[in-house]
Amino acid sequence: MKKFPSTFSILLILLALYWVFHASMPGYSAAVALPKTDFSTDRALTHVAAISKEPHAVGFPAHAAVREYIVGALQKMGLETTLQEGYTAGDWGNLSKATNILARIKGSEQGKALLLLTHYDSNPHSSLGASDAGSGVATILEGVRAFLATNSTPKNDIIILLSDAEELGLNGADLFVNRHPWAKEVGLVLNFEARGSGGPSYMLIETNRGNSRLIEEFTKAQPDYPVANSLVYSIYKMLPNDTDLTVFREDGDIEGFNFAFIDDHYDYHTVRDNYERLDRNTLAHQGAYLMPLLQHFSNTDLGTLKSLNDYVYFNVPFFKLVSYPFEWIWPMFALAALLFVVLLVQGFRKKTLQFPQLAKGFLPMLLALALNILIGFYSFRFLKWCYPEYQDILHGFPYNGYTYIAAFVFLTLSICFWIYHKFKDVTTANLLVAPIFLWLVICAVVALYLPGASFFTIPLLALLGAFLVIINQKRPSASLLVFLSLPALWIYAPFIKMFPVGLGLKMMVASTLLLSLSFLLLLPVFGFYKRKKTLGILFLLLFFAAMIKAHFNADFDAENAKPSSLLYVLNSDTNTAQWATYDKVLIDWNQQFLGADKSIPAKLSERTISSKYGSGFSFVAKAPMKDIDAPEVETVRDTIIGDERLIDLCITPKRAVNRLELFTNNVPITAATVNSIVLSDYYLANRKRGKLLTHYISNNAYTDLQLRVHRDSILELTLYEASNDLLQNNQFTIPERPENSIPMPFVLNDAVLVTKTIKFD
């Protein structure tokens, strides 16, 4: 056999990998003059800059200013704008007064309306919200401006909803869907979101039924850069991450599309979610979705989008979005299984396959998978042991996270090449039997339990095509084998990066496993390489080089700052105070308050102020008493009617506050109403850690609470009242954070917290 052109095939593989990432997003060029009817990223950026100057969570001073800016921008376009205001508590027991911004473009017909959706509030307390979701606001404002510039009248009404309090519990969406008359007229929603500050925007479908009609119409709209697949949405549905669009689906039975980007996850909900760090290509990608979809769905019958049928779908270069019905899943699998049997028979007849070698071919596959799974599973634990400060990056994706992904990609490849070098006496044809069998098992399992991932069968069919070539040709074409590897390269490469970016480095095991499985799909190419040991050594060296680079970038600086936290906690019942932090590794800034006598708190009470990841205080230390007013609790009514005890309380802040959280002992609450909002029976029966509710307070409003318990119950209420003003409070002399640190997201931070307990005997 002639020498297999391994260098040439590697170059082709690298080109294919470059193309799959390059083709997923549009490019951005600054200051390019565009017609007024085109979406301009530069014009959208002016909105992002205006919106993201300050944190603008509900109840924060800049919140109203951002709302006024958006209303003014809509009015400049000639749109009549209205506000919808009201209390909601959603499904999470998070009460807030949301103020939604609404506008409407009248269509020529009387069909269902298209709704453009994003939220304008930022996450409490320090996030500037440039990406989440200033980018969504900017996309809609610029997209609507460009659409209006065409002077065309759509068939369908177009409703613009900039919702409020999404970050607190999807409250603005709840307010609109359940209380606004326009909600019943909506036929489809396009929602723009963010969970990072860059990268491609993924399309995710929200539907209570099948997705086939949505996929068909999405494909007809012909967006240039679709990034979507049915596996991502299947995973998305299993995660505890909802968007405003979830409320439309669950409460209104209204379908929609989410468009969200997740790269640069380390900026999510932080003060670094700013104008400068928003990826311009990403913003252009959001616009590349909106414009064709706005044009298409504003002129499509939106009353026909419901379907009982599902499609498998995925994107690849050149073909954009590929889709086919679920009914094809098992026939495609049966075809793959049949081809495998036929090719096995043919291989044995031609004596290309020998049973001893075939059986031996299972060993390198199993060894590579086992070793790489173990490495992936323990990788982030090892990194946190080496760099304990990574524990304070709560979402688990440090600033050098991409370098770590590259490092473990190199290590995985090194192990695969090294192990297969040890089995060089087994021919490529015999080596392929084990991967084909394994992938058949995988495809059968996903067809049964995760049918959205059934496009996995397509790379398997391509592998069978390569198997056919190899058992029939002694000198197969390297170009042909690389071509047959393209489905694996184009489908799986984005996943290898996506899982640890979106879900944190704790999911590195998903990357090492998927890369190992992808390596098996490329064995038709790699099996002919004569220098697998050399490649193994090369990738091992690249692993060490990446780890060294990551090490030198592990320190924090002004650009990539360490999250830190500090709270002053006053117990008004005992008249004692403590400094507290969530940090596992303190910096000088908060160490000076906690001091050498800091202690690790005892096991936290079930009644602990809530946070996204269930974080509790890591260290506490005694603090001086300050003159901080506890909330006033007035018992308006406490009476017994039949077997029930009715308690009516009014809780009024005596200082400027942002948040009130209420917990109870284990007494069952049979009914609860807060500021005239009824908490559902389901929520009351399933509340966790004793939490009754959280009130995100605007304008220092009171909390009016009515409770029903059994007449013999002894109810105990614990109040946690917080203000995010520790650094500005004139009773404290807290220095500014150093430039290499930022407020820790996802927890109560920079706060003065007052606790108070009330017992009803």
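Owing to the predicted nature of the structure, the values given are computational and were not obtained by experimental measurement.
Annotation for Y702: atom OH does not count as buried by contact number, only 12 or fewer foreign heavy atoms lying within 6.0 Å. Heavy atoms of other residues, nucleotides or ligands lying less than 6.0 angstrom from CD of E80 number 12 at most. Heavy-atom contacts from other residues, nucleotides or ligands closer than 6.0 Å to CD of E736 number 12 or fewer. Other residues, nucleotides and ligands contribute over 12 non-hydrogen atoms within 6.0 Å of the NZ atom of K756. Counted within 6.0 Å of NZ on K306, heavy atoms from surrounding residues, nucleotides or ligands total more than 12; the atom is thus considered enclosed.
With a 4.5 Å cut-off on side-chain heavy atoms, N100 and L162 do not count as touching. Contact check for L394 versus P745: no side-chain heavy atoms found under the 4.5 Å cut-off. Between D244 and T246, the closest side-chain pair of non-hydrogen atoms is not below 4.5 Å. Side-chain contact check for S135 versus L278: some heavy-atom pair is nearer than 4.5 Å. In this structure, the side chains of E634 and L649 stay at 4.5 Å or more apart for every pair of heavy atoms. Contact of the D174 side chain with the D251 side chain is registered, since non-hydrogen atoms from C-beta on lie closer than 4.5 Å. Contact annotation: the side chain of L567 never approaches that of T581 to less than 4.5 Å [non-hydrogen atoms, C-beta and beyond]. Side-chain contact between L115 and L188: absent, with no pair of heavy atoms (C-beta onward) separated by less than 4.5 Å.
Note that the CG atom of D648 and the CD atom of Q706 stand 4.5 Å from one another [nearest 0.5 Å]. With values rounded to the nearest 0.5 angstrom, I628 atom CD1 is found 5.0 Å from N729 atom CG. Note that the OG1 atom of T88 and the CG atom of L168 stand 9.0 Å from one another [nearest 0.5 Å]. Annotation: the span from I101 atom CD1 to H119 atom NE2 amounts to 12.5 Å, rounded to 0.5 Å. The CG atom of D264 lies 4.0 Å from the OG atom of S197; values are rounded to the nearest 0.5 Å. Interatomic distance, D263 CG to D279 CG, rounded to the nearest 0.5 Å: 8.0 Å.
Every residue two or more places apart in sequence or in another chain was checked for a ring pair (Phe, Tyr, Trp, His ring centres under 6.0 Å) with H125, and none qualifies.
The closest donor-acceptor contact from the side chain of T37 to the backbone of T150 lies at 3.5 Å or more, if one exists at all. N156 places a side-chain N or O within donor-acceptor distance of the main-chain N or O of F297, the cut-off being under 3.5 Å. One N or O on the side chain of N658 and one on the backbone of N724 form a donor-acceptor pair closer than 3.5 Å. Judged purely by atom type and a 3.5 angstrom limit, S122 uses its side chain to pair as donor or acceptor with the backbone of S127. Here the side chain of N274 pairs no donor or acceptor atom with the backbone of S131 at under 3.5 angstrom. The closest donor-acceptor contact from the side chain of N700 to the backbone of V657 lies under 3.5 Å. Put simply, the side chain of D273 never gets that close to the backbone of G196: no donor and acceptor are under 3.5 Å apart.
Using a 30° and 60° split on the angle between ring planes, F746 and H269 fall in the tilted class, from 30° to 60°.
Checked for salt-bridge contact, D157 and K106 meet the test: a charged N lies under 4.0 Å from a carboxylate O. Salt bridge annotation for R655-D629: absent, with no cationic side-chain nitrogen under 4.0 angstrom from a carboxylate oxygen. Using a 4.0 Å cut-off between a side-chain N of Lys or Arg and a carboxylate O of Asp or Glu, R213 and E255 do not qualify as a salt bridge. Look at D750 and R737 and you find a salt bridge, because one of the NZ, NE, NH1 or NH2 atoms lies within 4.0 Å of a carboxylate O, short of that distance. Looking at E185 and R104, a side-chain N of the basic residue comes within less than 4.0 Å of a carboxylate O on the acidic one, giving a salt bridge. The pair R209-D253 counts as a salt bridge, with a side-chain nitrogen and a carboxylate oxygen less than 4.0 angstrom apart.
A cation-pi arrangement, defined by a distance under 6.0 Å to the six-membered ring centre and an angle within 45 degrees of its axis, is absent between R195 and Y266.
Aromatic rings from Y613 and H395 are positioned such that their centres are separated by 6.0 Å or more. Checked against the 6.0 Å centroid criterion, the rings of F259 and Y202 do not qualify as a close aromatic pair. Not less than 6.0 angstrom separates the ring centroid of H56 from the ring centroid of F60.
Among residues at least two apart or in separate chains, side chain to side chain donor-acceptor pair (under 3.5 Å) pairs with a member in residues 676-687 are T664-R687.
For the pairing with L684, the side-chain contact (heavy atoms from CB on, under 4.5 Å) check across V678, L692, T670 returns one residue only, L692.
When every heavy atom of S96 is checked against every heavy atom of A165, the shortest pair comes out as OG-CB, 3.4 Å. For L717 against L705, the heavy-atom pair with the smallest separation is CD1-CD2, 4.5 Å. Scanning both residues, E193 and D132, for their nearest heavy atoms gives OE1-OD1, 3.1 Å. The two residues F39 and A44 come nearest to each other via the heavy atoms CZ-CB, 4.0 Å.
Residues S201 and H285 bring no donor and acceptor atom of their side chains to less than 3.5 Å of each other. Side chains of H296 and E217: a donor on one and an acceptor on the other come within 3.5 Å. Side chains of S40 and D42: no donor on one and acceptor on the other come within 3.5 Å. Using modelled atom types and a 3.5 Å distance limit, the side chains of E632 and T652 yield no donor-acceptor pair.
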